[in-house]
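See below for the structure under consideration.
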There are 2 protein chains.
Amino acid sequence: MLKISELAAKTGLSAHTIRFYEKHGLISASERSEAGYRYYNDADIRRAEFVKTARNIGFSLEDISQLLSIRVDKTSHSCQEVTDITQHKLDEVNAKIAELESMQHTLSILLESCCGGPEKATHCSIMEALEAGDVKKSRSAA
Amino acid sequence: MLKISELAAKTGLSAHTIRFYEKHGLISASERSEAGYRYYNDADIRRAEFVKTARNIGFSLEDISQLLSIRVDKTSHSCQEVTDITQHKLDEVNAKIAELESMQHTLSILLESCCGGPEKATHCSIMEALEAGDVKKSRSAA
DNA sequence: GTTGACCTTAGAGTAGACTCTAAGCTTATA
DNA sequence: TATAAGCTTAGAGTCTACTCTAAGGTCAAC
Ligand SMILES: [Zn+2]
Ligand SMILES: [Zn+2]
Ligand SMILES: [Zn+2]
Ligand SMILES: [Zn+2]
């Protein structure tokens with residue numbers, strides 16, 4: 001049985017974050033001391049580590065929440081449900097990468113066009129490009 | 001002279017967003033009607049379009065704020081200042097891409113390992129990988 | 001028996017970029 | 001003239017994932 005700071009040390013999450021996750025239903029302590037201290041048993045610890053692993057991959061807390069509900073009753077859920085969550089996340093990641101690569105491309109072109117020196121910015125081709133508006137849009141919603 | 005909704009139509013920003021940008025010093029209307037309506041002249045419109053172009057590229061409002069202060073007095077600023085902002089943004093974008101590609105990689109491997117079918121998730125290799133924790137960390141701080 | 005580290009809670013604050021609301025003028029159209 | 005569309009403001013709400021604070025109780029060591 002670990003106390004919260006011990007679970008924190010073990011998982012690399014902060015005690016604050018562990019309480020925050022508890023408030024959002026991701027983690028819980030099966031026992032409390034008389035004084036109200038949280039005590040985590042082996043199953044709790046494994047669950048916390050599952051959460052940490054999923055978070056490290058990049059899953060949102062909402063995704064993790066869904067993965068956890070599959071985890072507690074695997075016989076009621078299918079591989080497909082798991083791949084759906086994973087695929088959806090991958091789609092998101094791919095969309096974000098595409099957006100960032102577009103920015104990367106635009107920024108690189110801008111940088112190439114500018115001398116980057118100590119001259120007055122009156123002739124700066126980056127500023128000119130921004131004024132002219134002839135750059136493609138990288139950002140979509142939010 | 002355009003009213004706010006006309007500037008909105010012209011730039012593709014919403015009137016709300018235009019007021020929000022004004023509150024943050026990015027855009028302003030040189031004139032107001034007696035009733036307090038904002039009126040935008042050509043210089044205002046060009047400034048708004050500059051902001052919109054920079055935002056489309058992916059610059060933060062803080063970056064745009066700096067670019068604008070260069071823009072209003074180009075002789076007091078150098079090309080280097082402009083490239084510094086641009087390079088800094090590019091570095092950020094590259095870091096984010098690296099992080100996302102790491103996620104992409106992990107997610108792809110997970111997806112390959114799972115049958116994705118209607119079977120019970122009891123044998124799911126994605127779940128197993130998450131339990132085992134043997135996936136590399138993609139996410140860094142915030 | 002007291003210091004100090006650790007624990008509890010509810011709730012506020014942070015970041016970034018909006019997005020919306022309420023309450024009330026103004027202006028254009030029918 | 002009445003209705004609707006459009007404008008004003010301050011300020012609150014949204015989203016995600018924390019991060020921190022205040023005020024106080026608990027526990028082990030010296
Ligand atoms: Zn130059
Ligand atoms: Zn330049
Ligand atoms: Zn399967
Ligand atoms: Zn599977």
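So you know, we letter chains A, B, ... as the sequences are listed, proteins then strands, and number each from 1. Computed from a predicted model, the values in this text were never measured in an experiment.
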Nucleic acid contacts - residues 36-70 of chain A versus DNA chain D, non-hydrogen atoms under 4.0 Å: A/Y37, A/R55, A/S60, A/L61
Shortest non-hydrogen contact between A/E128 and A/T122, atoms and distance: OE2-O, 4.5 Å
Partners passing salt bridge (charged side-chain N to carboxylate O under 4.0 Å, His left out) against A/E22 (at least two apart in sequence or in another chain): A/R32, A/R38
Partners meeting salt bridge (charged side-chain N to carboxylate O under 4.0 Å, His left out) with B/K74 (sequence neighbours left out): A/E131
B/K89: partners by salt bridge (charged side-chain N to carboxylate O under 4.0 Å, His left out), with sequence neighbours left out: B/E92
Results of side-chain contact (heavy atoms from CB on, under 4.5 Å) for A/S30 - residues two or more places apart only: A/N41, A/D44
Residue pairs passing the side-chain hydrogen bond (donor to acceptor under 3.5 Å, both in side chains) test where at least one lies in residues 46-55 of chain A, sequence neighbours excluded: none
Protein-nucleotide distance (B/K89, atom NZ; C/dG16, atom C1'), rounded to Å: 11 Å
Heavy-atom pair of closest approach, residues B/D134 and B/A129: OD1-O, 3.4 Å
Qualifying residues under side-chain contact (heavy atoms from CB on, under 4.5 Å), relative to B/T83, sequence neighbours excluded: A/L111, A/C114, A/I126, B/Q80
Residues which pass side-chain contact (heavy atoms from CB on, under 4.5 Å) with B/F20, listed by chain and number, not counting sequence neighbours: B/H24, B/L61
DNA chain C contacts among residues 3-21 of chain B, heavy-atom distance under 4.0 Å: B/H16, B/T17, B/F20, B/Y21
side-chain contact (heavy atoms from CB on, under 4.5 Å) partners of A/S14, counting only residues at least two apart: A/H16, A/T17
B/K96 NZ to C/dA15 P, straight-line distance once rounded to whole Å: 18 Å
B/Y37: hydrophobic cluster co-members (side-chain, 4.5 Å): B/M1, B/Y39
Spacing of A/E92 atom CD relative to D/dT16 atom P, expressed in whole Å: 10 Å
A/K23 NZ - C/dT9 P separation (whole Å): 10 Å
Five-pair end axes of the helix from C/dG1-D/dC30 to C/dA30-D/dT1 and the angle they enclose, rounded to 10°: 20°
N/O (side chain, B/R32) to phosphate O (OP1/OP2, D/dT9) under 4.0 Å: yes
